[in-house]
Peer 1: 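Can you keep this structure in mind? I'll have questions shortly.
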Amino acid sequence: MYANRRRVRGGRGSRLQRQRGEKLERVNAHLYETGRMRRVHIRGHSNILKRLLIHVSALNLGLVMRAVCGVGTPRGLQGNKLSDVLSAQLIIFAIILPLLSAESEIAGCA
């Protein structure tokens, strides 16, 4: 207990705590407050986990879109040229499809 307290209160521990607050806790707070995941009216624990997985996947897709084409939502692509939109979609599918095929091989569906 004393060693853990010393590690957390040290310089490195406080630096890691700040990084965690920046990168993880802000995203999760946004999911639960703005995304309305704090009060989910779905029956069954497994169904709630499925809903959370879809919600987090949409958030990650927005991050990928923002990194690839500079826009994080489909509505943000409205003012762009058609070629920009299509190239962004092709890039996103090129990223996602290998992940899905690898996941289906792991699950034994292939």
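Given the structure is predicted, the values throughout are model-derived calculations rather than measurements. The residues of the chain are indexed from 1 along the displayed sequence.
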Peer 1: Under the side chain to side chain contact (heavy atoms under 4.5 Å, CB included) test, which residues partner Arg5, sequence neighbours left out?
Peer 2: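 Side chain to side chain contact (heavy atoms under 4.5 Å, CB included) check on Arg5 returns Met1, Tyr2, Arg9.
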Peer 1: Could you measure the distance from the CG atom of Leu53 to the CG atom of Asn60? Nearest 0.5 Å is fine.
Peer 2: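 Leu53 CG to Asn60 CG: 9.5 Å, rounded to 0.5 Å.
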Peer 1: Mind checking whether Leu49 and Leu59 sit in one hydrophobic cluster, side chains of I, L, V, M, F, W, Y counted as touching below 4.5 Å?
Peer 2: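 No, Leu49 and Leu59 fall in different hydrophobic clusters.
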Peer 1: Taking side chain as C-beta onward, heavy atoms only, is Arg7 less than 4.5 Å from Asn4?
Peer 2: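 Yes. Closest side-chain heavy atoms under 4.5 Å.
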Peer 1: Going from OG on Ser46 to CZ on Arg51, what distance comes out if it is rounded to the nearest 0.5 angstrom?
Peer 2: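 These two atoms lie 14.5 Å from each other.
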